[in-house]
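Bear in mind that the values here come from a model prediction, so they are computed numbers and not experimental data. Heavy-atom basis, side chains included; hydrogens, waters and symmetry copies ignored.
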Amino acid sequence: MNTIEIKPDIFWVGAVDWGIRDFHGYITQNGTTYNNYLIKDEQITLIDTVKHDFDMITLENIRSIVDPSQVKNIIINHIEPDHASALASVMRYMPRATIYITERGKKGLERYHDTSQWNIKIVKNGDPLNIGKHNLLFLETPMLHWPDSMVTYVKEAKLLISQDAFGQHLASAARFDDDFLASNSQHELDDAVVDYYANILMPFGKLIKTKIDDIVKLGLEIDMIAPDHGIIWRKNPGRIMQMYLDMAGGKAKNSVAIIYDTMWHSTELMTVPLVSGIQDEGVDCTVIKLRSTPMSFAIKEFWKARGCLIGVPTMNNIMFPSVAEFLYHLAGLRPKDRIMGAFGSFGWGGGAVKEAYEKFKQMGLSTVEPGVQSLYKPSVADEKQCYEFGKQFAVKMKEYDAQF
Ligand code: FEO
(Lines give C-alpha, C1' and ligand atoms only; values in the text may rest on other atoms or scores of the structure.)
Protein backbone atom coordinates (compact mmCIF):
# COMPACT_ATOMS: atom_id res chain seq x y z
CA MET A 1 0.00 0.00 0.00
CA ASN A 2 1.42 3.32 -1.04
CA THR A 3 -1.36 5.86 -1.32
CA ILE A 4 -1.15 9.57 -0.65
CA GLU A 5 -4.07 11.84 0.21
CA ILE A 6 -3.41 14.76 -2.11
CA LYS A 7 -6.53 16.69 -1.04
CA PRO A 8 -9.16 15.79 1.58
CA ASP A 9 -10.71 12.51 0.41
CA ILE A 10 -8.74 12.54 -2.86
CA PHE A 11 -5.95 9.98 -3.09
CA TRP A 12 -3.08 9.19 -5.43
CA VAL A 13 -3.40 5.43 -6.04
CA GLY A 14 -0.87 5.02 -8.84
CA ALA A 15 2.41 3.23 -9.38
CA VAL A 16 6.05 4.21 -9.74
CA ASP A 17 7.89 2.54 -12.62
CA TRP A 18 11.47 2.87 -11.44
CA GLY A 19 12.86 0.57 -14.13
CA ILE A 20 11.41 1.71 -17.44
CA ARG A 21 14.07 3.06 -19.77
CA ASP A 22 12.33 2.70 -23.14
CA PHE A 23 8.89 4.26 -23.39
CA HIS A 24 7.90 3.43 -26.98
CA GLY A 25 11.35 4.56 -28.08
CA TYR A 26 11.50 7.60 -25.82
CA ILE A 27 14.42 6.85 -23.50
CA THR A 28 13.26 7.48 -19.95
CA GLN A 29 16.53 7.70 -18.01
CA ASN A 30 14.65 8.58 -14.84
CA GLY A 31 11.79 6.08 -15.09
CA THR A 32 8.23 7.32 -14.80
CA THR A 33 5.05 7.08 -12.76
CA TYR A 34 1.50 6.22 -13.74
CA ASN A 35 -0.64 8.50 -11.60
CA ASN A 36 -4.29 7.81 -11.02
CA TYR A 37 -6.62 9.18 -8.42
CA LEU A 38 -9.48 8.02 -6.23
CA ILE A 39 -12.13 10.34 -4.82
CA LYS A 40 -13.88 9.02 -1.72
CA ASP A 41 -17.35 10.49 -1.88
CA GLU A 42 -20.98 9.32 -2.01
CA GLN A 43 -20.11 8.01 -5.45
CA ILE A 44 -16.59 6.65 -5.17
CA THR A 45 -14.79 7.73 -8.30
CA LEU A 46 -11.57 6.51 -9.87
CA ILE A 47 -9.83 8.79 -12.35
CA ASP A 48 -7.68 6.86 -14.83
CA THR A 49 -5.97 3.54 -14.30
CA VAL A 50 -2.32 2.59 -14.91
CA LYS A 51 -0.17 0.54 -17.28
CA HIS A 52 -1.23 -3.13 -17.23
CA ASP A 53 2.00 -4.30 -15.54
CA PHE A 54 0.94 -2.34 -12.47
CA ASP A 55 -2.74 -3.33 -12.31
CA MET A 56 -2.37 -5.21 -9.03
CA ILE A 57 -0.50 -2.30 -7.46
CA THR A 58 -3.23 0.23 -8.17
CA LEU A 59 -5.90 -2.29 -7.09
CA GLU A 60 -4.04 -2.84 -3.82
CA ASN A 61 -3.82 0.91 -3.34
CA ILE A 62 -7.53 1.33 -4.03
CA ARG A 63 -8.33 -1.57 -1.70
CA SER A 64 -6.45 0.11 1.13
CA ILE A 65 -8.97 2.96 0.97
CA VAL A 66 -12.26 1.43 -0.21
CA ASP A 67 -13.75 -1.87 -1.26
CA PRO A 68 -13.13 -1.80 -5.05
CA SER A 69 -16.59 -3.24 -5.72
CA GLN A 70 -18.02 0.00 -4.27
CA VAL A 71 -16.39 2.17 -6.93
CA LYS A 72 -19.26 3.80 -8.79
CA ASN A 73 -17.49 5.81 -11.52
CA ILE A 74 -14.32 5.41 -13.54
CA ILE A 75 -13.23 8.41 -15.52
CA ILE A 76 -10.90 7.67 -18.39
CA ASN A 77 -9.20 10.91 -19.36
CA HIS A 78 -6.98 9.21 -21.93
CA ILE A 79 -6.94 5.75 -23.49
CA GLU A 80 -3.23 5.37 -24.22
CA PRO A 81 -2.17 2.03 -22.73
CA ASP A 82 0.11 3.56 -20.09
CA HIS A 83 -3.09 4.83 -18.45
CA ALA A 84 -5.86 2.55 -19.61
CA SER A 85 -4.36 -0.89 -20.23
CA ALA A 86 -5.05 -1.88 -16.60
CA LEU A 87 -8.73 -1.12 -17.13
CA ALA A 88 -9.68 -4.71 -17.96
CA SER A 89 -8.14 -5.95 -14.70
CA VAL A 90 -9.66 -3.10 -12.73
CA MET A 91 -13.13 -3.74 -14.18
CA ARG A 92 -13.04 -7.33 -12.89
CA TYR A 93 -13.14 -5.87 -9.37
CA MET A 94 -15.63 -3.08 -10.04
CA PRO A 95 -17.85 -4.50 -12.82
CA ARG A 96 -20.82 -2.27 -12.02
CA ALA A 97 -18.85 0.96 -12.33
CA THR A 98 -19.80 3.41 -15.04
CA ILE A 99 -16.99 4.56 -17.31
CA TYR A 100 -17.03 8.23 -18.32
CA ILE A 101 -15.06 8.93 -21.48
CA THR A 102 -15.12 11.09 -24.61
CA GLU A 103 -16.73 9.78 -27.78
CA ARG A 104 -13.36 9.30 -29.46
CA GLY A 105 -12.11 7.69 -26.27
CA LYS A 106 -14.90 5.14 -26.39
CA LYS A 107 -14.07 4.26 -30.00
CA GLY A 108 -10.42 3.71 -29.06
CA LEU A 109 -11.27 1.82 -25.89
CA GLU A 110 -13.29 -0.65 -27.97
CA ARG A 111 -10.16 -1.45 -29.98
CA TYR A 112 -8.08 -2.19 -26.92
CA HIS A 113 -10.65 -3.98 -24.76
CA ASP A 114 -13.78 -6.09 -24.96
CA THR A 115 -16.15 -3.42 -23.68
CA SER A 116 -19.38 -5.27 -24.48
CA GLN A 117 -20.25 -5.81 -20.80
CA TRP A 118 -19.15 -2.39 -19.60
CA ASN A 119 -21.43 0.52 -18.82
CA ILE A 120 -19.95 3.46 -20.74
CA LYS A 121 -21.20 7.04 -20.76
CA ILE A 122 -19.89 9.53 -23.28
CA VAL A 123 -19.05 12.99 -21.98
CA LYS A 124 -18.53 16.21 -23.87
CA ASN A 125 -16.60 19.37 -23.24
CA GLY A 126 -18.07 21.21 -20.25
CA ASP A 127 -20.17 18.32 -18.94
CA PRO A 128 -20.47 18.25 -15.14
CA LEU A 129 -20.74 15.27 -12.83
CA ASN A 130 -21.82 15.52 -9.21
CA ILE A 131 -20.52 12.67 -7.07
CA GLY A 132 -21.68 13.95 -3.66
CA LYS A 133 -19.56 16.63 -2.04
CA HIS A 134 -17.51 17.05 -5.19
CA ASN A 135 -18.48 18.48 -8.55
CA LEU A 136 -16.43 17.36 -11.51
CA LEU A 137 -16.11 19.15 -14.83
CA PHE A 138 -14.88 17.42 -17.98
CA LEU A 139 -12.87 19.47 -20.46
CA GLU A 140 -12.05 17.85 -23.76
CA THR A 141 -8.49 18.44 -24.96
CA PRO A 142 -8.52 16.74 -28.38
CA MET A 143 -5.03 16.15 -29.80
CA LEU A 144 -3.44 16.99 -26.46
CA HIS A 145 -2.07 14.66 -27.21
CA TRP A 146 -4.45 12.00 -28.59
CA PRO A 147 -7.87 12.57 -30.16
CA ASP A 148 -9.62 11.10 -27.11
CA SER A 149 -7.90 13.25 -24.50
CA MET A 150 -9.68 15.20 -21.79
CA VAL A 151 -8.90 16.58 -18.34
CA THR A 152 -11.07 16.53 -15.20
CA TYR A 153 -11.49 19.49 -12.87
CA VAL A 154 -12.59 18.92 -9.27
CA LYS A 155 -14.24 22.17 -8.26
CA GLU A 156 -14.30 21.96 -4.46
CA ALA A 157 -10.68 20.82 -4.34
CA LYS A 158 -9.51 23.41 -6.90
CA LEU A 159 -7.78 20.45 -8.50
CA LEU A 160 -7.05 19.90 -12.19
CA ILE A 161 -6.37 16.27 -13.04
CA SER A 162 -4.57 16.97 -16.25
CA GLN A 163 -3.78 13.56 -17.77
CA ASP A 164 -0.51 13.71 -19.76
CA ALA A 165 -0.36 17.53 -19.77
CA PHE A 166 2.13 19.02 -17.29
CA GLY A 167 3.64 15.56 -16.73
CA GLN A 168 7.21 14.40 -16.56
CA HIS A 169 8.83 11.00 -16.93
CA LEU A 170 10.33 11.05 -13.48
CA ALA A 171 10.23 8.19 -11.00
CA SER A 172 10.57 9.54 -7.49
CA ALA A 173 9.53 8.74 -3.95
CA ALA A 174 8.25 12.33 -3.83
CA ARG A 175 4.74 12.91 -5.11
CA PHE A 176 4.71 16.70 -4.92
CA ASP A 177 6.92 19.41 -6.40
CA ASP A 178 7.86 20.85 -3.00
CA ASP A 179 8.82 17.40 -1.67
CA PHE A 180 10.90 16.72 -4.78
CA LEU A 181 12.61 20.10 -4.55
CA ALA A 182 13.54 19.48 -0.91
CA SER A 183 16.28 17.16 -2.12
CA ASN A 184 16.61 17.90 -5.85
CA SER A 185 17.19 21.03 -7.87
CA GLN A 186 14.68 23.13 -9.76
CA HIS A 187 16.84 22.50 -12.83
CA GLU A 188 16.28 18.73 -12.59
CA LEU A 189 12.54 19.22 -12.40
CA ASP A 190 12.42 21.80 -15.16
CA ASP A 191 14.61 19.61 -17.36
CA ALA A 192 12.16 16.72 -16.92
CA VAL A 193 9.30 19.03 -17.92
CA VAL A 194 11.12 20.25 -21.03
CA ASP A 195 12.16 16.71 -21.99
CA TYR A 196 8.55 15.55 -21.80
CA TYR A 197 7.17 18.58 -23.62
CA ALA A 198 9.74 18.35 -26.41
CA ASN A 199 9.20 14.66 -27.06
CA ILE A 200 5.44 14.46 -26.64
CA LEU A 201 3.84 17.87 -26.90
CA MET A 202 6.05 19.79 -29.33
CA PRO A 203 3.57 19.40 -32.21
CA PHE A 204 0.70 20.88 -30.22
CA GLY A 205 1.93 24.30 -29.04
CA LYS A 206 -0.93 26.24 -30.60
CA LEU A 207 -3.54 23.91 -29.11
CA ILE A 208 -1.88 24.11 -25.70
CA LYS A 209 -2.07 27.87 -25.71
CA THR A 210 -5.72 27.82 -26.78
CA LYS A 211 -6.67 25.26 -24.13
CA ILE A 212 -4.88 27.11 -21.32
CA ASP A 213 -6.59 30.32 -22.46
CA ASP A 214 -9.94 28.47 -22.34
CA ILE A 215 -9.27 27.35 -18.78
CA VAL A 216 -8.36 30.89 -17.78
CA LYS A 217 -11.53 32.23 -19.45
CA LEU A 218 -13.64 29.73 -17.52
CA GLY A 219 -12.21 31.28 -14.37
CA LEU A 220 -11.41 27.91 -12.83
CA GLU A 221 -9.60 28.26 -9.55
CA ILE A 222 -6.66 25.87 -9.60
CA ASP A 223 -4.35 25.40 -6.68
CA MET A 224 -3.12 21.94 -7.63
CA ILE A 225 -2.39 20.25 -10.96
CA ALA A 226 -2.18 16.48 -10.84
CA PRO A 227 -0.84 14.98 -14.08
CA ASP A 228 -0.77 11.29 -14.97
CA HIS A 229 3.04 11.16 -14.91
CA GLY A 230 5.58 12.38 -12.40
CA ILE A 231 5.34 15.11 -9.82
CA ILE A 232 2.07 16.74 -8.73
CA TRP A 233 2.16 20.53 -8.80
CA ARG A 234 0.96 21.97 -5.49
CA LYS A 235 3.64 24.50 -4.57
CA ASN A 236 3.13 26.71 -7.55
CA PRO A 237 0.84 25.34 -10.27
CA GLY A 238 0.94 28.71 -12.00
CA ARG A 239 4.64 28.19 -12.71
CA ILE A 240 4.13 25.01 -14.74
CA MET A 241 1.26 26.65 -16.65
CA GLN A 242 3.51 29.60 -17.46
CA MET A 243 6.29 27.22 -18.55
CA TYR A 244 3.86 25.60 -20.98
CA LEU A 245 2.67 28.97 -22.27
CA ASP A 246 6.29 30.04 -22.77
CA MET A 247 7.23 26.88 -24.65
CA ALA A 248 4.05 26.99 -26.72
CA GLY A 249 4.81 30.63 -27.52
CA GLY A 250 8.25 29.78 -28.90
CA LYS A 251 10.47 30.59 -25.93
CA ALA A 252 13.95 29.05 -26.25
CA LYS A 253 17.45 29.61 -24.94
CA ASN A 254 19.62 32.02 -26.85
CA SER A 255 21.97 29.13 -27.64
CA VAL A 256 22.93 26.62 -30.32
CA ALA A 257 22.62 22.83 -30.31
CA ILE A 258 25.07 21.08 -32.64
CA ILE A 259 23.62 17.68 -33.44
CA TYR A 260 25.77 15.50 -35.65
CA ASP A 261 27.01 12.10 -36.59
CA THR A 262 30.26 11.09 -38.20
CA MET A 263 31.81 8.18 -40.13
CA TRP A 264 35.59 8.69 -39.78
CA HIS A 265 35.58 11.77 -37.54
CA SER A 266 35.74 14.35 -40.35
CA THR A 267 32.29 15.81 -39.65
CA GLU A 268 33.09 15.52 -35.95
CA LEU A 269 36.29 17.53 -36.41
CA MET A 270 34.25 20.29 -38.01
CA THR A 271 32.37 20.81 -34.73
CA VAL A 272 35.52 22.12 -33.00
CA PRO A 273 35.94 25.36 -34.99
CA LEU A 274 32.16 25.73 -35.20
CA VAL A 275 31.96 25.76 -31.38
CA SER A 276 34.80 28.32 -31.23
CA GLY A 277 33.04 30.59 -33.71
CA ILE A 278 29.75 30.37 -31.82
CA GLN A 279 31.40 30.99 -28.46
CA ASP A 280 33.36 33.95 -29.82
CA GLU A 281 30.01 35.58 -30.50
CA GLY A 282 29.13 35.12 -26.82
CA VAL A 283 26.65 32.32 -27.49
CA ASP A 284 26.47 29.11 -25.49
CA CYS A 285 26.30 25.81 -27.33
CA THR A 286 25.99 22.10 -26.72
CA VAL A 287 27.25 19.27 -28.93
CA ILE A 288 25.44 15.96 -29.35
CA LYS A 289 26.61 12.93 -31.31
CA LEU A 290 23.55 11.04 -32.44
CA ARG A 291 24.71 7.42 -32.25
CA SER A 292 26.05 8.04 -28.74
CA THR A 293 22.87 9.70 -27.54
CA PRO A 294 19.24 8.61 -27.25
CA MET A 295 17.09 10.28 -29.88
CA SER A 296 14.79 11.71 -27.21
CA PHE A 297 17.73 13.43 -25.52
CA ALA A 298 18.78 15.00 -28.83
CA ILE A 299 15.18 16.17 -29.37
CA LYS A 300 15.17 17.83 -25.95
CA GLU A 301 18.47 19.62 -26.64
CA PHE A 302 17.18 20.73 -30.04
CA TRP A 303 14.06 22.15 -28.39
CA LYS A 304 15.93 24.02 -25.65
CA ALA A 305 18.11 25.99 -28.10
CA ARG A 306 17.00 28.70 -30.53
CA GLY A 307 19.50 27.56 -33.15
CA CYS A 308 20.53 24.12 -34.37
CA LEU A 309 23.43 23.06 -36.57
CA ILE A 310 23.10 19.62 -38.08
CA GLY A 311 26.33 17.80 -38.88
CA VAL A 312 25.75 15.24 -41.59
CA PRO A 313 28.24 13.19 -43.59
CA THR A 314 27.32 12.17 -47.11
CA MET A 315 27.06 8.42 -47.53
CA ASN A 316 25.98 6.88 -50.86
CA ASN A 317 25.11 10.42 -52.04
CA ILE A 318 22.53 10.92 -49.31
CA MET A 319 22.41 11.86 -45.65
CA PHE A 320 24.11 9.55 -43.16
CA PRO A 321 21.30 7.31 -41.82
CA SER A 322 21.30 8.35 -38.14
CA VAL A 323 21.02 12.03 -39.09
CA ALA A 324 18.32 11.29 -41.67
CA GLU A 325 16.42 9.39 -38.98
CA PHE A 326 16.76 12.29 -36.55
CA LEU A 327 15.43 14.79 -39.09
CA TYR A 328 12.61 12.45 -40.08
CA HIS A 329 11.62 12.10 -36.44
CA LEU A 330 11.97 15.84 -35.86
CA ALA A 331 9.70 16.61 -38.82
CA GLY A 332 6.96 14.55 -37.18
CA LEU A 333 7.23 16.76 -34.10
CA ARG A 334 6.49 19.79 -36.31
CA PRO A 335 9.09 22.13 -34.75
CA LYS A 336 8.62 25.89 -34.98
CA ASP A 337 10.53 29.03 -34.12
CA ARG A 338 14.01 27.61 -34.64
CA ILE A 339 16.84 28.53 -37.01
CA MET A 340 18.91 25.85 -38.72
CA GLY A 341 22.21 25.33 -40.48
CA ALA A 342 24.13 22.30 -41.72
CA PHE A 343 27.67 21.10 -42.21
CA GLY A 344 29.34 17.85 -43.12
CA SER A 345 32.10 15.99 -44.88
CA PHE A 346 31.89 14.10 -48.14
CA GLY A 347 34.15 11.88 -50.21
CA TRP A 348 33.14 12.37 -53.84
CA GLY A 349 29.69 13.54 -54.86
CA GLY A 350 28.43 15.23 -51.67
CA GLY A 351 24.74 16.01 -51.30
CA ALA A 352 23.91 15.49 -47.62
CA VAL A 353 24.16 19.14 -46.57
CA LYS A 354 21.92 20.20 -49.45
CA GLU A 355 19.45 17.49 -48.53
CA ALA A 356 19.46 18.63 -44.89
CA TYR A 357 18.56 22.18 -45.96
CA GLU A 358 15.74 20.83 -48.09
CA LYS A 359 14.45 19.02 -45.02
CA PHE A 360 14.65 22.20 -42.89
CA LYS A 361 12.62 24.07 -45.49
CA GLN A 362 10.04 21.30 -45.69
CA MET A 363 9.65 21.75 -41.93
CA GLY A 364 9.15 25.49 -42.41
CA LEU A 365 12.19 26.39 -40.32
CA SER A 366 14.43 29.40 -40.88
CA THR A 367 17.91 28.72 -42.22
CA VAL A 368 21.39 30.17 -42.48
CA GLU A 369 22.83 29.03 -45.80
CA PRO A 370 24.77 27.51 -47.45
CA GLY A 371 26.46 25.79 -44.51
CA VAL A 372 29.94 24.25 -44.77
CA GLN A 373 31.23 21.16 -46.49
CA SER A 374 34.59 19.46 -46.25
CA LEU A 375 36.18 17.03 -48.70
CA TYR A 376 37.23 14.10 -46.50
CA LYS A 377 39.07 15.35 -43.38
CA PRO A 378 38.74 19.13 -42.96
CA SER A 379 41.75 21.13 -44.10
CA VAL A 380 43.00 24.25 -42.33
CA ALA A 381 40.97 26.29 -44.84
CA ASP A 382 37.88 24.19 -44.08
CA GLU A 383 38.37 24.74 -40.36
CA LYS A 384 38.59 28.48 -40.93
CA GLN A 385 35.39 28.31 -42.94
CA CYS A 386 33.71 26.37 -40.11
CA TYR A 387 34.83 28.97 -37.58
CA GLU A 388 33.44 31.78 -39.72
CA PHE A 389 30.18 29.90 -40.28
CA GLY A 390 29.89 29.33 -36.51
CA LYS A 391 30.23 33.09 -35.97
CA GLN A 392 27.80 33.91 -38.76
CA PHE A 393 25.27 31.40 -37.46
CA ALA A 394 25.49 32.76 -33.90
CA VAL A 395 24.91 36.33 -35.15
CA LYS A 396 21.91 35.28 -37.27
CA MET A 397 20.53 33.23 -34.41
CA LYS A 398 20.67 36.24 -32.07
CA GLU A 399 18.93 38.43 -34.66
CA TYR A 400 16.27 35.77 -35.16
CA ASP A 401 15.85 35.30 -31.39
CA ALA A 402 15.17 39.02 -30.90
CA GLN A 403 11.66 38.64 -32.35
CA PHE A 404 10.54 36.38 -29.49
FE1 FEO B 1 0.98 8.97 -20.79
FE2 FEO B 1 -0.45 9.66 -23.78
O3 FEO B 1 0.02 8.60 -22.35
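- Residues Leu309 and Phe389 form a side-chain contact, since some pair of their non-hydrogen atoms from C-beta on lies under 4.5 Å apart.
- No more than 12 heavy atoms of other residues, nucleotides or ligands shown are found within 6.0 angstrom of CD on Glu103.
- Not counting sequence neighbours, the partners of Ile57 by the side chain to side chain contact (heavy atoms under 4.5 Å, CB included) test are Ala15, Phe54, Asn61.
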In residues 164-175, what donor-acceptor pairs under 3.5 Å come from side-chain atoms, sequence neighbours left out?
from	atom 1	to	atom 2	distance (Å)
Asp164	OD1	His83	NE2	3.0
Asp164	OD1	Tyr196	OH	3.1
Asp164	OD1	His229	NE2	3.2
Asp164	OD2	His78	NE2	3.1
Asp164	OD2	His145	NE2	2.9
Gln168	OE1	Ile231	N	2.7
Gln168	NE2	Phe166	O	3.3
Gln168	NE2	Ile231	O	3.1
His169	ND1	Thr32	OG1	2.6
Ser172	OG	Ala174	N	2.9
Arg175	NH1	Ser172	O	3.4
Arg175	NH2	Ser172	O	2.9

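- A 6.0 Å sphere centred on OH of Tyr93 holds no more than 12 heavy atoms belonging to other residues, nucleotides or ligands.
- Tyr26 and Phe23 have perpendicular rings, their planes meeting at more than 60° on a 0 to 90° scale where under 30° would count as parallel.
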Please table the atom pairs, donor to acceptor, closer than 3.5 Å between any side-chain atom in residues 289-300 and protein atoms at least two apart or in another chain.
from	atom 1	to	atom 2	distance (Å)
Arg291	NE	Asp261	OD1	3.1
Arg291	NE	Asp261	OD2	3.0
Arg291	NH2	Asp261	OD1	3.1
Arg291	NH2	Thr262	O	2.6
Thr293	OG1	Lys289	O	2.6
Ser296	OG	Ile27	N	3.0
Lys300	NZ	Asp191	OD2	2.7

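- Contact check for Leu109 versus Leu87: side-chain heavy atoms found under the 4.5 Å cut-off.
- To the nearest 0.5 angstrom, Leu201 atom CG is 4.5 Å from Tyr244 atom OH.
- Residues Thr267 and Pro313 approach most closely at OG1-CG, 3.6 Å, considering heavy atoms.
- For Val71 against Ala97, the heavy-atom pair with the smallest separation is O-CB, 3.6 Å.
- With contacts defined as side-chain heavy-atom distances shorter than 4.5 Å, the pair Ile62/Ile44 does not qualify.
- In Gln403, the CD atom is crowded: over 12 heavy atoms of neighbouring residues, nucleotides or ligands sit closer than 6.0 Å.
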Candidate pair Asn119 and Thr98, rule side chain to side chain donor-acceptor pair (under 3.5 Å), full reasoning: CA-CA 5 Å; Asn119 183 19; Thr98 299; 2.9 Å; yes

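- Side-chain contact between Lys72 and Ile131 is absent, with no heavy-atom pair separated by less than 4.5 Å.
- Among all heavy-atom pairs drawn from Tyr100 and Asn73, the shortest one is CE1-OD1, 3.4 Å.
- Taken to the nearest 0.5 Å, the CZ atom of Phe176 stands 5.0 Å off from the CD1 atom of Ile232.
- One distance of note links NZ of Lys158 with CD of Glu221; it measures 4.0 Å at 0.5 Å rounding.
- Residue Glu383 holds its CD atom at 7.0 Å from CG of Leu269, rounded to the nearest 0.5 Å.
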What's the verdict on side chain to side chain contact (heavy atoms under 4.5 Å, CB included) for Lys51 and Ile20, showing C-alpha distance, side-chain angles and the deciding distance? CA-CA 12 Å; Lys51 189 176 173 185; Ile20 189 168; 3.7 Å; yes

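- A heavy-atom distance below 4.5 Å is found between the side chains of Phe302 and Met340.
- A salt bridge links Lys354 and Glu358; the closest N-O separation between the charged side-chain nitrogens and carboxylate oxygens is under 4.0 Å.
- Ion pair Glu301/Lys304 flagged as a salt bridge, since at least one NZ, NE, NH1 or NH2 atom sits closer than 4.0 Å to an Asp/Glu carboxylate oxygen.
- Within the structure, salt bridge (charged side-chain N to carboxylate O under 4.0 Å, His left out) contacts touching residues 319-335 (residues at least two apart or in different chains) do not occur.
- Other residues, nucleotides and ligands place no more than 12 heavy atoms under 6.0 Å from the CZ atom of Arg96.
- Taking the side chain as every heavy atom from C-beta outward, Ile222 and Ile215 approach each other to under 4.5 Å.
- Of the possible polar contacts, one joining the Glu188 side chain to the Ser185 backbone as a donor-acceptor pair under 3.5 Å is found.
- Using a 4.5 Å cut-off on side-chain heavy atoms (C-beta onward), Leu375 and Phe346 make contact.
- Panel note: side chain Lys336, backbone Met202; no donor-acceptor pair is recorded below 3.5 Å.
- Counting heavy atoms from C-beta outward, Val151 and Leu160 have side chains that approach closer than 4.5 Å.
- Taking a 6.0 Å sphere around CH2 of Trp264, one finds it holds 12 or fewer heavy atoms contributed by other residues, nucleotides or ligands.
- With Asp55 contributing its side chain and Val90 its backbone, the two residues share no donor-acceptor pair below 3.5 Å.
- Atom CD1 of Ile10 and atom CD1 of Ile47 lie 7.5 Å apart (nearest 0.5 Å).
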Under 3.5 Å, side-chain donor or acceptor atoms of residues 273-286 against the rest of the protein: list the pairs with distances, not counting sequence neighbours.
from	atom 1	to	atom 2	distance (Å)
Ser276	OG	Val272	O	3.3
Asp280	OD2	Tyr387	OH	2.6
Glu281	OE2	Lys391	NZ	3.1

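- The main-chain N or O of Asn135 is found under 3.5 Å from a side-chain atom of Glu156 such that the two form a donor-acceptor pair.
- Identified under the salt bridge (charged side-chain N to carboxylate O under 4.0 Å, His left out) test for residues 232-247, with sequence neighbours left out: Asp178-Arg234, Asp179-Arg234, Asp190-Arg239, Asp246-Lys251.
- Phe404 and Gly250 get closest at one heavy-atom pair: CD2-O, 4.0 Å.
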If you apply the rule side chain to side chain contact (heavy atoms under 4.5 Å, CB included), what do you find for Ile225 with Met241, and how did you get there? CA-CA 9 Å; Ile225 297 177; Met241 276 211 185; 3.9 Å; yes

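- In terms of heavy atoms, Met263 sits closest to Met315 at CE-SD, 3.6 Å.
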Salt bridge (Lys or Arg N to Asp or Glu O under 4.0 Å) evaluation trace for Lys217 with Asp213: CA-CA 6 Å; Lys217 273 186 215 147; Asp213 287 347; 5.9 Å; no

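- Checking each of Ile76, Asn77, Leu144 against Met150 for a side-chain contact (heavy atoms from CB on, under 4.5 Å) leaves exactly one that passes, namely Asn77.
- Between atom CG of residue Asp41 and atom NZ of residue Lys133 there is a gap of 4.5 Å, rounded to the nearest 0.5 Å.
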Lys384 and Glu388: salt bridge (Lys or Arg N to Asp or Glu O under 4.0 Å), yes or no, with the steps? CA-CA 6 Å; Lys384 174 120 187 21; Glu388 294 301 335; 3.3 Å; yes

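- Residue Arg104 qualifies as open at atom CZ: its count of foreign heavy atoms under 6.0 Å is 12 or below.
- Across all their heavy atoms, Thr102 and Ser149 have their closest contact at CG2-O, 4.5 Å.
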